[in-house]
Amino acid sequence: MLPTLDPFYYFSPVDLTGVVLLLLCWLGSSWLIEHPPKRRPSVTKLMALYRRQWMKHFVTRQPRIFDSQIVGSLRQSTAFFASTSMIAIGGIFALLGNPDQVRGVAEDLSTGGDSPVIVWEAKLLLILAFAANAFLKFVWSNRLFGYCSVLMGSVPNDDSPLAYTRAAKAAEINIFAARSYNRGLRSVYFGIGSTAWLLGSWPLIAAALITLTVILRREFTSQSREVLLTSEDD
């Protein structure tokens, strides 16, 4: 008998629930972090305020080499994660190109090793989607930090009327770059969580909820957030 062409034939309702839950947690956490309640800002929102303050002080700082070093460090971080994402993408493609190896990995990880290869390929494709999204976000973040460095270089001395206007532009580009960087990190987090699907549908659901909890805790209840909220007068 030929295998059915219906992709949902090979997956249980729990599998589909786990995938939908993972995607909802990923998209929902990003929206909540970037649009938090006004009474409880996220770390991302708080850091955006500090980035604007950074560019205001940048105008009068002499020399400005310190600021350029910070931007260079941020670009190195994005380049590192982009390279790591490329390695992950290459590894996943290598597995997809060898169905027998995929089946062997499945037998080692779970009791469902007798499932069709299409099942394990679908699970690897989900991981691949997160890795590809992370790569694109990190590359765009790297480019935006490059734009920011150019704008910072165009900021004249503080006696010019254009100084603070251009510094404000650099701050917004810096914030956009950080937003893309954070989105890439969340893709990495949920991509790692999606590997739990190789163990089964229930581990995937558990991994999605655990990943969501970790991300929201760091953004809304972490000690670093309390430090950012501490008044300078204290």
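These numbers come from a predicted model, not from an experiment. Just the heavy atoms: all of them, side chains too, but no hydrogens, waters or symmetry mates, feed the values below.
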Once you round to the nearest 0.5 Å, how far does OG1 of T17 lie from CG of L204?
-> 10.0 Å

CG (L24) and CG (L212) are apart, to the nearest 0.5 Å, by 10.5 Å

Minimal non-hydrogen separation, F190 against S29, with atom names = CE1-OG, 3.7 Å

Heavy-atom distance under 4.5 Å between the side chains of F81 and M86, does that happen here?
-> no

Begin from the C-alpha positions of D15 and W197 and carry the test side chain to side chain donor-acceptor pair (under 3.5 Å) through to its verdict.
-> CA-CA 8 Å; D15 284 314; W197 198 13; 2.9 Å; yes

Are F130 and W26 close enough that their ring centers fall under 6.0 Å?
-> yes

Contacts of type salt bridge (Lys or Arg N to Asp or Glu O under 4.0 Å), residue R166, not counting sequence neighbours = none

CA sep, side-chain torsions, deciding dist, call: R225, L46, side chain to side chain contact (heavy atoms under 4.5 Å, CB included) | CA-CA 8 Å; R225 179 180 179 276; L46 294 174; 4.0 Å; yes

Got more than 12 heavy atoms from elsewhere within 6.0 Å of CE, M47?
-> yes

Of all heavy-atom pairs linking Y50 and L228, the shortest is OH-O, 3.1 Å

Side chain to side chain contact (heavy atoms under 4.5 Å, CB included) between V214 and R217, intermediate numbers included = CA-CA 5 Å; V214 170; R217 187 196 67 80; 5.7 Å; no

Locate the shortest heavy-atom distance separating A88 from A131; write the atom from each residue and the value.
-> CB-CB, 4.5 Å

Given the rule that I, L, V, M, F, W and Y join up when any side-chain heavy atoms are under 4.5 Å apart, are I127 and L136 in one cluster?
-> yes

Out of curiosity, does L151 fall in the hydrophobic cluster containing V71 (side-chain heavy atoms, cut-off under 4.5 Å, transitive links)?
-> no

Shortest non-hydrogen contact between A167 and V59, atoms and distance | CB-CG2, 3.5 Å

Mind running side chain to side chain donor-acceptor pair (under 3.5 Å) on T44 and S42 for me, showing each step along the way?
-> CA-CA 5 Å; T44 298; S42 61; 4.5 Å; no

side-chain hydrogen bond (donor to acceptor under 3.5 Å, both in side chains) involving S160 - partner list, sequence neighbours excluded = none

Any chance CZ of R143 has more than 12 other-residue heavy atoms, nucleotides or ligands included, within less than 6.0 Å?
-> no

If we only count heavy atoms from C-beta on, is the L185 to K137 side-chain gap below 4.5 Å?
-> no

Closest heavy-atom pair, E226 versus T230, reported as atoms and distance to 0.1 Å, is O-OG1, 2.8 Å

So, do E172 and M55 sit near enough that their side-chain heavy atoms are less than 4.5 Å apart?
-> no

CG on N157 to CZ on R64, rounded to 0.5 Å = 6.0 Å

Would you say the side chain of V155 lies within less than 4.5 Å of the side chain of Y164, judging by non-hydrogen atoms?
-> no

Smallest separation among heavy atoms of G184 and F138, with atom names = C-CZ, 3.4 Å

Would you say C148 and K169 make side-chain contact, with heavy atoms under 4.5 Å?
-> no

In Å and rounded to the nearest 0.5 Å, what is the OG1 to CG distance from T211 to L216?
-> 10.5 Å

Does the T195 side chain pair with the main chain of I192, one donor and one acceptor, at a distance under 3.5 Å?
-> yes

Just do the side chain to side chain contact (heavy atoms under 4.5 Å, CB included) check on F11 and V19 with the steps written out, would you?
-> CA-CA 11 Å; F11 301 100; V19 174; over 6 Å; no

Once you round to the nearest 0.5 Å, how far does CZ of F58 lie from OG of S68?
-> 8.5 Å

Consider only side-chain heavy atoms of I, L, V, M, F, W and Y, link residues closer than 4.5 Å, and tell whether F135 and L95 are in one cluster.
-> yes

Can the positive tip of R40 be found less than 6.0 Å from the middle of the six-membered ring of F220, inside 45° of the ring normal?
-> no

Applying the 4.5 Å side-chain criterion to the ILVMFWY set and letting contacts propagate, would I215 and L22 be lumped into a single cluster?
-> yes

Tell me, do I33 and K45 make a side-chain contact under 4.5 Å, heavy atoms counted?
-> no

Output, in order, the C-alpha distance, side-chain angles, deciding distance and verdict of side chain to side chain contact (heavy atoms under 4.5 Å, CB included) for R75 and F80.
-> CA-CA 9 Å; R75 294 197 72 185; F80 168 77; over 6 Å; no

dist Q76:CD -> N142:CG (nearest 0.5 Å) comes out at 10.0 Å

Inter- and intrachain pairs under salt bridge (Lys or Arg N to Asp or Glu O under 4.0 Å), touching residues 178-189, at least two apart = E34-R183, E34-R186

Establish, for the pair K123 and W120, whether the NZ or CZ atom is under 6.0 angstrom from the six-membered ring centre and no further than 45 degrees off its axis.
-> yes

Q223 atom CD: more than 12 heavy-atom contacts under 6.0 Å | no

With the 4.5 Å side-chain cut-off for hydrophobic clustering, are Y181 and M152 part of the same group?
-> no

